[in-house]
Amino acid sequence: MDDFTKFRISNEIIDALTILGYDEPTRIQERVIPIALSGRDIVGKSQTGSGKTAAFAIPLCELARWEENAPEALVLEPTRELTVQVKQEIYHIGRKKRLKVPDVFGGFPIDKQIQTLKQKSHIVVGTPGRVMDHVRRESLDLSHIKTVVIDEADLMLDMGFIDEVREILSHIPEKRTLMLFSATIGKELEKLIQEYLHNPAFIEIEEMEEAKADIKQEVYETENEEKYGLFLKLLIRENPESCMIFCGTREMVNVLCRKLRKDGVKCGMIHGEIDQQDRIRTIEGFREGRFRYLIATDVVARGIDFDNLSHVFNYDFPTGKETYVHRIGRTGRNGNAGTAISLLTDEDKKMKQMIEEYVGYALPMEIFLEEQAGDAQQFWNRQKEKVVLKKRKGAGFHKTITRLSVGGGKKSKMRAVDIVGTICSIPDITAEDIGAIDVRDSLTYVEILNGKGKRVCEALQEKTIKGKLRKVRETRNNL
Ligand code: ADP
Ligand code: MG
């Protein structure tokens with residue numbers, strides 16, 4: 001058996017994985033899941049894109065107990081974007097189990113997060129700064145936490161979150177499982193591991209060789225004044241379906257984006273100075289295929305998952321050897337072929353050498369030949385093509401899950417049990433068919449599972465809830 005059923009995980013989770021299209025575990029999942037289920041500490045190291053999120057999300061969802069009100073698992077992420085992405089993955093995997101997965105990060109109203117945390121929560125995902133903030137305000141109770149995941153640990157340290165991480169760990173009960181995931185493990189991380197993990201299982205998946213096989217790498221020498229011109233020629237020649245373009249600074253991201261747009265190339269950008277809501281919107285837009293080229297700085301781009309990028313461009317050469325591996329790892333995923341093209345100026349030559357020592361092979365130097373320029377018209381035509389929006393991940397859930405809005409909320413003392421009671425009185429509907437219930441001030445949202453939404457919605461038009469006939473409607477799902 002090569003599918004997920006070989007692990008001891010419940011059908012609700014297997015069903016969710018099927019809807020997500022996860023038919024077989026990836027290599028890191030294969031090894032992490034059984035050990036995580038047994039409660040042993042883990043250090044997991046593997047390339048970006050190898051499925052580390054589900055490797056810890058599946059055991060977290062399996063171990064979660066719905067009856068508990070205080071969170072039993074905490075996942076720390078270095079950036080807000082990753083927090084949102086990882087929350088969604090955990091939420092999808094735990095959806096059939098009706099798990100509540102609040103996310104907390106800065107740049108977002110804390111009051112709303114406090115409201116959400118007051119409700120039942122099973123797995124909290126957040127950035128260290130905001131998590132600590134909630135702990136200090138006593139809006140997040142860590143006293144029941146049994147499992148902590150430190151994801152993208154190397155980046156967490158790079159971003160200077162070490163003190164917050166230590167402080168958070170000091171609030172967690174002694175008896176807990178700690179899992180740490182990283183694409184690279186440096187000295188400082190080793191120290192942290194020694195100090196906080198007890199007899200951890202080291203799980204390492206070497207994929208350097210595979211990376212080399214699947215990703216065509218090219219380096220072009222250029223001078224700063226000619227960089228943009230050469231870049232545009234390469235972009236036109238390659239005419240990528242979609243790609244990421246990395247720059248060294250926020251300023252450069254701005255400049256490049258402006259230039260490309262001026263030249264008629266549709267693109268989006270993310271970096272740390274862009275407003276949080278805009279960043280999330282840009283990432284969603286890129287995922288849906290609203291534009292093909294995303295220009296980014298490293299920090300914001302790290303760990304964010306985009307399927308099927310055909311190309312990665314290093315407009316600015318990376319300034320760290322690991323960074324090179326992370327950046328090019330955005331392409332050539334899941335057995336697809338990819339191309340990574342880097343521009344190199346004089347001051348980058350030393351770094352190129354360091355990267356070559358690190359990866360153990362020479363990066364091929366190429367020269368741009370005008371006769372290989374390709375058909376520019378094709379490129380410009382593609383810029384004008386109407387976009388076909390891609391399906392969002394988790395779209396498969398919508399077929400079987402319907403979200404209903406019910407008139408009446410906290411103000412009229414509506415409680416989840418009132419709704420459950422009425423719904424269960426409908427013939428052929430049981431508590432198993434009811435998903436998450438979210439009681440707001442004057443409105444309550446309830447998810448109906450197993451494709452029974454329509455039937456429940458119709459029945460509720462004529463049934464009273466808490467003694468009154470309520471306005472019940474189907475609403476758009478917001479995930
Ligand atoms: P990492 O954290 O290692 O960088 P992610 O967890 O972000 O990687 O996963 C990379 C991509 O692989 C995501 O799009 C995810 O949905 C997909 N994925 C994860 N596990 C599986 C699986 N078992 N089968 C198919 N796709 C998977
Ligand atoms: Mg990850």
Side-chain angles (χ1 to χ4, degrees), residues 1-7 9 13-33 36 42-61 75-93 95 125 127 149-156 158 179-185 203-207 210-211 214 242 244 283-284 286-288 298-309 312 322-323 325-336 338 390-397 479:
M1 263 191 310
D2 247 354
D3 56 16
F4 283 99
T5 54
K6 70 178 162 198
F7 304 116
I9 47 182
I13 289 170
I14 301 277
D15 283 352
L17 294 173
T18 307
I19 292 175
L20 287 171
Y22 295 4
D23 299 328
E24 284 176 18
T26 64
R27 284 159 70 200
I28 186 97
Q29 290 162 6
E30 184 90 33
R31 300 194 38 209
V32 165
I33 293 171
I42 290 177
V43 177
K45 175 171 176 265
S46 72
Q47 238 190 356
T48 39
S50 51
K52 290 192 282 295
T53 317
F56 62 76
I58 293 169
L60 287 188
C61 290
V75 178
L76 297 176
E77 295 290 335
T79 68
R80 303 150 180 192
E81 287 76 13
L82 277 168
T83 303
V84 172
Q85 176 180 308
V86 166
K87 173 242 166 81
Q88 286 188 354
E89 176 119 347
I90 301 177
Y91 173 72
H92 285 145
I93 292 173
R95 190 144 182 193
V125 186
T127 52
V149 175
I150 304 179
D151 193 20
E152 306 280 353
D154 47 349
L155 185 59
M156 198 86 86
D158 283 351
M179 293 189 250
L180 186 147
F181 292 89
S182 198
T184 47
I185 294 180
I203 299 174
E204 178 171 349
I205 310 286
E206 263 312 336
E207 274 175 314
E210 276 176 36
D214 291 349
S242 63
M244 279 187 79
I283 290 172
E284 280 305 318
F286 187 56
R287 283 205 180 114
E288 289 179 340
D298 286 304
V299 167
V300 187
R302 236 321 260 290
I304 299 178
D305 171 54
F306 301 112
D307 326 319
N308 274 336
L309 290 188
V312 167
E322 284 108 350
T323 313
V325 176
H326 289 314
R327 285 186 183 180
I328 71 167
R330 294 336 194 82
T331 177
R333 288 186 175 212
N334 300 329
N336 294 317
K390 293 182 205 153
K391 255 210 331 246
R392 285 194 187 192
K393 182 131 59 35
F397 285 105
L479 264 175

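Both counts, for ligands and for their atoms, begin at 1 and track the order of listing.
- At a 3.5 angstrom cut-off on N or O pairs, Ala54 does not count as close to ligand 1.
- At least one heavy atom of Phe4 sits under 4.0 Å from some atom of ligand 1.
- Where the criterion is an N or O separation shorter than 3.5 Å, residue side chain and backbone included, Lys52 meets it with respect to ligand 1.
- Taken to the nearest 0.5 Å, the CD atom of Glu89 stands 8.0 Å off from the CD1 atom of Ile58.
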Please report the C-alpha distance between Thr184 and Asp154 in whole Å, then the side-chain angles of each, then the deciding distance to 0.1 Å, and finally whether the side chain to side chain donor-acceptor pair (under 3.5 Å) criterion is met. CA-CA 6 Å; Thr184 47; Asp154 47 349; 2.5 Å; yes
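- Within ligand 1, the atoms closer than 4.0 Å to a non-hydrogen atom of Thr53 are 2 (O), 5 (P), 6 (O), 7 (O), numbered from 1 in the order shown.
- Residues that satisfy the side-chain hydrogen bond (donor to acceptor under 3.5 Å, both in side chains) test with Glu30, not counting sequence neighbours, are Lys6.
- For Glu152, the N, O or S atom with the smallest separation from the Mg ion (ligand 2) is OE2.
- Take Glu77 and apply the salt bridge (Lys or Arg N to Asp or Glu O under 4.0 Å) test, not counting sequence neighbours, and it matches no residue.
- Only the backbone of Glu24 comes within contact range of ligand 1, with a heavy atom under 4.0 Å; no side-chain atom does.
- Those atoms of ligand 1 that come under 4.0 Å of a heavy atom in Ser50, given as number and element, are 1 (P), 3 (O), 8 (O).
- Note: Phe286 and Phe306 have perpendicular aromatic rings, judged against thresholds of 30 and 60 degrees for the angle between ring planes.
- Taking the charged nitrogens against the carboxylate oxygens, Lys52 and Asp151 have no contact shorter than 4.0 Å, which rules out a salt bridge.
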